[in-house]
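Presented below is the structure to which this report refers.
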Amino acid sequence: MKTNCKKWKYLLCITAVMTAFSSIPFSTQAADQQVRLMNEMDKKQQNTSYKMNSAEDRSMFVVTAGAADILDAEITSSDLPDMNVPKMMTPDKNASSTTKKSDALAAFVKGMMVLQPELPQSNLVMARVNEYVNIRQDADQDSEKVGVLYKDCGGDILEKNNEWTKIKSGDVTGWIKNEYLYFGKEAEELAKDVGVLTAYANTETLRVRQEPSLEAGIVGLLAEGQAVEAIAEEGDWVRVSYEGTTGFVSSEYVRVEFGIDTAESMEAIREREETERARAAAEAEAKRVQQKEAVFATASELDILAALIQCEAGGEPYEGQVAVGAVVMNRVRNGGYPNSITEVIYASGQFVPASGGRMESLILNKTTKASCIQAAQEAINGACNVGDALHFRRNNGRPGLVIGNHVFW
């Protein structure tokens with residue numbers, strides 16, 4: 001009996017030990033499986049974080065983890081790269097795990113969209129014409145002209161449609177048809193070719209030197225605000241064109257600007273044209289009224305010329321009397337006529353009074369007007385108010401210079 005009891009005791013002990021050992025592999029296997037799952041998740045988190053944080057250029061960041069990986073990693077704002085994520089997109093701490101994942105992904109994607117750089121579009125236009133194109137007040141061919149954009153001139157785009165572009169060029173703002181404009185790269189390339197670099201002195205007295213050195217000789221001086229053409233910027237110096245020669249100025253004391261010619265307004269055009277007309281008139285007047293070489297004349301020739309002047313223009317203003325004498329003297333100086341006053345006046349068929357005896361009557365009776373004698377003397381001395389005119393007659397509408405009742409040509 002005792003022997004049987006001992007056997008049962010041994011059997012129960014062995015069974016308990018075997019049961020214990022048989023349960024150990026199962027528990028260990030489960031633990032190992034759980035550890036492997038945890039390690040895989042950690043690796044995914046570490047891989048995603050590493051790929052984010054190791055991007056060389058945050059502004060051009062590229063997502064290398066898939067959407068599922070991002071959700072599995074449960075990204076929060078602290079896991080994202082340094083970027084400006086709107087607060088409203090930051091996951092709420094009290095929100096569910098799924099909500100946090102969705103909000104984090106949305107915030108990340110929006111941040112990436114914000115960080116994508118946009119290529120700048122050129123705002124420059126240049127005239128695409130051989131001479132000029134009109135600038136209109138409105139986008140209409142019949143609209144009022146407000147200015148002119150000449151060849152090699154440009155401006156900035158304010159508004160554009162399929163047919164017209166509104167530009168600002170200098171003081172002019174208006175519309176030009178697109179077919180008469182260069183845009184984008186074409187405009188930029190043309191501007192580079194025709195534009196000019198200008199250096200403006202920003203100090204009281206700026207020395208222009210022969211070489212880019214403070215020890216170099218001085219070519220000239222620029223006062224504050226004065227400008228010269230800049231050829232190139234070379235380190236601390238700017239190479240410039242100074243009175244036809246090359247010089248150098250310190251870049252510290254100049255402001256260098258690149259510029260192109262701009263449009264001209266209608267007001268400026270009218271003012272310029274008026275100035276040109278006035279200048280042309282002044283030149284014509286200077287040519288008309290001039291001091292020519294004096295001609296030697298005897299007393300009798302002075303009397304003859306004075307008598308002719310009285311017969312032709314005795315009732316005219318003094319200017320008209322000088323004009324008649326000047327025509328006679330122009331002929332004397334001209335190789336196509338005789339070279340003396342007497343021969344010119346008495347040439348056949350030239351002056352009616354010379355053949356009628358009236359001139360001789362004035363000379364013999366000494367009744368010639370003092371103003372006519374003075375006009376004759378001035379003409380002989382070189383005074384001329386008719387330019388190179390060789391003829392005159394009563395004004396009958398013939399083209400020429402009109403003085404009093406005569407036209408001169």
Side-chain angles (χ1 to χ4, degrees), residues 126-127 129-137 144-155 167-174 176 180 194-196 198-201 220 222-223 225-229 241-245 257 259-294 313 316-331 333-334 375 378-379 381-393 395-409:
M126 297 291 292
V129 293
N130 292 328
E131 294 184 8
Y132 68 88
V133 59
N134 294 324
I135 304 175
R136 304 284 179 178
Q137 185 173 356
E144 180 184 356
K145 286 172 56 176
V146 294
V148 169
L149 188 68
Y150 297 98
K151 179 183 178 181
D152 294 339
C153 294
I167 72 163
K168 179 174 177 56
S169 178
D171 297 330
V172 184
T173 299
I176 298 178
Y180 302 120
V194 302
V196 177
T198 304
Y200 297 89
L222 291 176
Q226 287 186 340
V228 290
E229 181 182 352
S241 175
Y242 181 84
E243 297 182 356
T245 62
E257 294 182 359
I260 55 175
D261 290 336
T262 54
E264 187 177 22
S265 68
M266 295 309 299
E267 292 81 1
I269 291 174
R270 285 190 285 268
E271 183 178 346
R272 173 175 55 78
E273 289 177 345
E274 181 61 31
T275 301
E276 289 176 353
R277 282 193 293 268
R279 183 174 63 250
E283 290 176 353
E285 180 66 10
K287 184 177 180 181
R288 180 182 74 85
V289 181
Q290 53 188 303
Q291 186 67 30
K292 295 188 175 182
E293 182 183 357
E316 294 287 318
Y318 183 72
E319 182 183 12
Q321 295 174 6
V322 174
V324 170
V327 167
V328 173
M329 299 312 299
N330 282 344
R331 290 190 179 191
R333 297 185 185 94
N334 188 289
E378 284 199 37
N381 292 340
C384 180
N385 59 355
V386 293
D388 295 325
L390 298 171
H391 308 275
F392 69 91
R393 63 177 299 168
N395 184 14
N396 61 353
R398 188 189 189 286
L401 174 64
V402 176
I403 299 177
N405 293 321
H406 292 87
V407 58
F408 298 81
W409 72 96

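Bear in mind the structure is a predicted one, so any value in this text is a computation, not a measurement.
By the neighbour-count criterion of 12 heavy atoms within 6.0 Å, atom CD of Glu273 is densely surrounded, having more than that number from other residues, nucleotides or ligands. Shown here is Glu293, whose CD atom has no more than 12 heavy atoms of other residues, nucleotides or ligands within 6.0 Å. Counted within 6.0 Å of OH on Tyr180, heavy atoms from surrounding residues, nucleotides or ligands total 12 or fewer; the atom is thus considered open. Applying the 6.0 Å contact sphere to CG of Asn395 captures more than 12 heavy atoms from other residues, nucleotides or ligands. Counting heavy atoms of neighbouring residues, nucleotides and ligands inside a 6.0 Å radius, atom OH of Tyr132 does not exceed 12 of them. Surrounding CD of Glu267 are more than 12 heavy atoms belonging to other residues, nucleotides or ligands, all under 6.0 Å away. Heavy atoms from other residues, nucleotides or ligands lying under 6.0 Å from CZ of Arg393 number 12 at most.
Thr173 contributes atom OG1, which lies 11.0 Å from atom CD of Gln137 (distance to the nearest 0.5 angstrom). Note that CG of Asn381 and CD of Gln291 are 7.5 Å apart. Values are rounded to the nearest 0.5 Å. From Arg272, atom CZ reaches atom CZ of Arg277 across 10.5 Å, with rounding to the nearest 0.5 Å. A distance of 11.0 Å separates CG of Asn396 from NE2 of His406, quoted to the nearest 0.5 Å. Once rounded to the nearest 0.5 Å, the distance linking OG1 of Thr262 with CG of Asp171 reads 7.0 Å. Atoms CG and CE, from Asp261 and Met126 in turn, are 8.5 Å apart once rounded to the nearest 0.5 Å.
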Would you please test Phe392 and Ile403 for side chain to side chain contact (heavy atoms under 4.5 Å, CB included) and show each step? CA-CA 10 Å; Phe392 69 91; Ile403 299 177; over 6 Å; no

Please lay out, stage by stage, how Val148 and Val133 fare under the test side chain to side chain contact (heavy atoms under 4.5 Å, CB included). CA-CA 6 Å; Val148 169; Val133 59; over 6 Å; no

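Closest non-hydrogen pair, Asn405 versus Glu316, comes out as ND2-OE2, 2.8 Å. Across all their heavy atoms, Cys153 and Leu149 have their closest contact at CB-CD1, 3.7 Å. Residues Ser169 and Gly154 share a closest heavy-atom pair of OG-O, 2.7 Å. Pairing each heavy atom of Ala326 with each of Val386, the nearest pair is CB-CG2, 3.8 Å. In plain terms, the two heavy atoms of Ala223 and Ala201 that are nearest each other are O-CB, 3.5 Å. Residues Val129 and Tyr150 come closest through the heavy atom pair CG2-C, 4.5 Å.
When side chains are defined from C-beta on, Glu144 does not count as touching Arg136, because their heavy atoms never get closer than 4.5 Å. Contact check for Glu274 versus Arg270: no side-chain heavy atoms found under the 4.5 Å cut-off. By the 4.5 Å heavy-atom criterion applied to side chains, Val407 and Leu401 are not counted as neighbours. When side chains are defined from C-beta on, Leu222 counts as touching Tyr242, because their heavy atoms get closer than 4.5 Å.
By the 4.0 Å N-to-carboxylate-O rule, Asp388 lies close enough to Lys292 to be salt-bridged with it.
Distance alone, capped at 3.5 Å, is enough to place a donor-acceptor pair between the Asn330 side chain and the Ala389 backbone. Under a 3.5 Å cut-off, the side chain of Ser265 and the backbone N or O of Ala268 do form a donor-acceptor pair.
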